[in-house]
Every structure is written in C-alpha cells, then in structure tokens.
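Shown next, in structure tokens, is the structure this report addresses.
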Amino acid sequence: MKISEIETASPEALAPILLAAIQRLGQLGRNGAVALASLVEHDDDNVEEAAEWIADVAAGRLRE
C-alpha cells in the first residue's frame, strides 16, 4: 500500500499494515518512538484517539 492510499483504505486493508508498523516501532524502542514523536503535532486529536484505541487493543479489551 502506498502512503497516498492510506486515507481511503478500508479498516481491513489498513489493519495489517498498522500492525506491522506498530510491531516494528516496538522493536526500534525509544529511537522509533522519538522518530514518530517528531512527526506528531502537539494536541493532534486524531493521534490521541488512535493511541487510546491502540492501548485498548494492546490490553486485550477490544474484540469483536
């Protein structure tokens, strides 16, 4: 998937890519987190909401 396609991607198409990116970020540790933080603007509501959803997924609280 190209970055330009992310905005119109379905949840089913986006989820495996997001999972791979999150796993890789976890492997990179602090360096990966710092690189991501450098791209995120302060008070980005979309990032804050996404972080809450990801925390729920990581905690096993979100299952269909």
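Considering only residues two or more places apart in sequence or on other chains, Asp56 meets the side-chain hydrogen bond (donor to acceptor under 3.5 Å, both in side chains) condition with Arg61. For Glu49, the side-chain hydrogen bond (donor to acceptor under 3.5 Å, both in side chains) partners at least two apart in sequence or on another chain are Trp53. Partners of Ser10 according to the side-chain contact (heavy atoms from CB on, under 4.5 Å) rule, which considers only residues two or more places apart in sequence or in another chain, are Glu12, Ala13. The side-chain contact (heavy atoms from CB on, under 4.5 Å) check on Arg24 picks up Gln27, Leu28, with sequence neighbours excluded.
Taking Ile, Leu, Val, Met, Phe, Trp and Tyr as hydrophobic and joining them when side-chain heavy atoms fall under 4.5 Å apart, one finds Val47 in a cluster with Leu25, Leu36, Val40. Under a 4.5 Å side-chain heavy-atom cut-off, the cluster of Ile, Leu, Val, Met, Phe, Trp and Tyr residues that includes Leu18 is completed by Ile22, Ile54.
Here the closest non-hydrogen pair linking Asp43 and Glu48 is CA-OE2, 3.7 Å.
To the nearest 0.5 Å, atoms CD (Glu5) and CG (Leu14) are separated by 11.0 Å.
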